[in-house]
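For ligands, and for the atoms within them, numbers begin at 1 and follow the listed sequence. Note that the numbering runs from 1 along the sequence shown for the chain.
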Amino acid sequence: MRKKIVAGNWKMNTTVPEGVELAKAVVAKSNEVPADVKLVIATPFTHLYPVAEVVKGTVVSLSAENCADHEKGAYTGEVAANMLASVGCEYTILGHSERRQYYTETDAKLVEKTKLALANGLKVILCVGENLEEREAGKHFDVCESQIKNVLYNFTAEDMKNIVVAYEPVWAIGTGKTATADQAEEIHAFIRKVIADKFGAQVAEDTTILYGGSCKPSNAKELFAQKDIDGGLIGGAALKAEDFIAIAQSY
Ligand code: PGA
């Protein structure tokens, strides 16, 4: 049985004290969420250490938003996977479209990052998704397929146990435009098939595939009701504990 996950991606928001307060508010309300829904919060690097203290021993898991594509050494400004593990991260997001768009994140780099994350005991939330131009040109299946193949096909069925996929159509991120439940389900089912083609039906069946892009309390229920949507990666709405928890309660 695959896990249901609702993950908050704080992006570059909140100061450390604000982030600690937000994490405390999420922890305080976490008992209002069904026990089979895993809560994850992904914070900026600066916040990980104090937020790890807040979530320690609770049902809330900690994630980074990125990690380096090298193990260690002369890479000024980067943060390595083993550093994230040492601070108490259970997950790291990789390949978010904002990183692909603004920070030259390529699929090749994502292979390296994923290898290092897994080698250091982190679980990976790998983001894929098409931009508006690609969607309008009808290329959304091809784009997602190649992103999945270029990264995940380098890994094993065993590795897949620690990999979550997040489908995030770029045109829906932070725009208020959500993919309809049908649009999202269509791609989720397709992604599961691309995973099955390489790793077999059981691995595909066990892989958690999250939807991200303007997911909010008012639309989460319909999205999460879809057969192949196993939760959400939440940006803006994760910055308010009530909204984040309300989304997780949509199950
Ligand atoms: P959004 O962001 O919920 O603000 O659209 C989602 C994401 O980028 O992970």
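Remark: Lys123 engages Glu90 in a salt bridge, criterion side-chain N to carboxylate O under 4.0 Å. Between Glu98 and Lys11 there is a salt bridge, with a side-chain nitrogen of the basic residue lying less than 4.0 Å from a carboxylate oxygen of the acidic one. Using a 4.0 Å cut-off between a side-chain N of Lys or Arg and a carboxylate O of Asp or Glu, Asp206 and Arg2 do not qualify as a salt bridge. Between Arg192 and Asp228 there is a salt bridge, since a side-chain N of the basic residue sits under 4.0 Å from a carboxylate O of the acidic one.
Annotation for ligand 1: atoms under 4.0 Å from non-hydrogen atoms of Asn9 are 9 (O). Ligand 1 places these atoms under 4.0 Å from at least one heavy atom of Ala172: 5 (O). Counting atoms of ligand 1 from 1 in the listed order, those under 4.0 Å from a heavy atom of Gly236 are 1 (P), 3 (O), 4 (O). Of all atoms in ligand 1, listed by their number and element, those nearer than 4.0 Å to a heavy atom of His96 are 7 (C), 8 (O), 9 (O). Of all atoms in ligand 1, numbered sequentially from 1 with element shown, those under 4.0 Å from a heavy atom of Gly174 are 1 (P), 4 (O), 5 (O).
Looking at Gly212 next to ligand 1, no N or O pair under 3.5 Å apart turns up. Where the criterion is an N or O separation shorter than 3.5 Å, residue side chain and backbone included, Ser214 meets it with respect to ligand 1. Any N or O atom pair closer than 3.5 Å counts here, and Gly235 shares at least one such pair with ligand 1.
When heavy-atom distances to ligand 1 are checked against a 4.0 Å cut-off, Ile173 comes that close through both its backbone and its side chain.
Among residues at least two apart or in separate chains, salt bridge (Lys or Arg N to Asp or Glu O under 4.0 Å) pairs with a member in residues 154-173 are Glu158-Lys161.
Closest to atom 7 (C) of ligand 1 among all protein heavy atoms lies Glu168 OE2, 3.1 Å.
Scored by the side-chain hydrogen bond (donor to acceptor under 3.5 Å, both in side chains) test, Lys149 finds Glu145 as partners (sequence neighbours excluded).
Side-chain contact between Thr208 and Lys4: absent, with no pair of heavy atoms (C-beta onward) separated by less than 4.5 Å.
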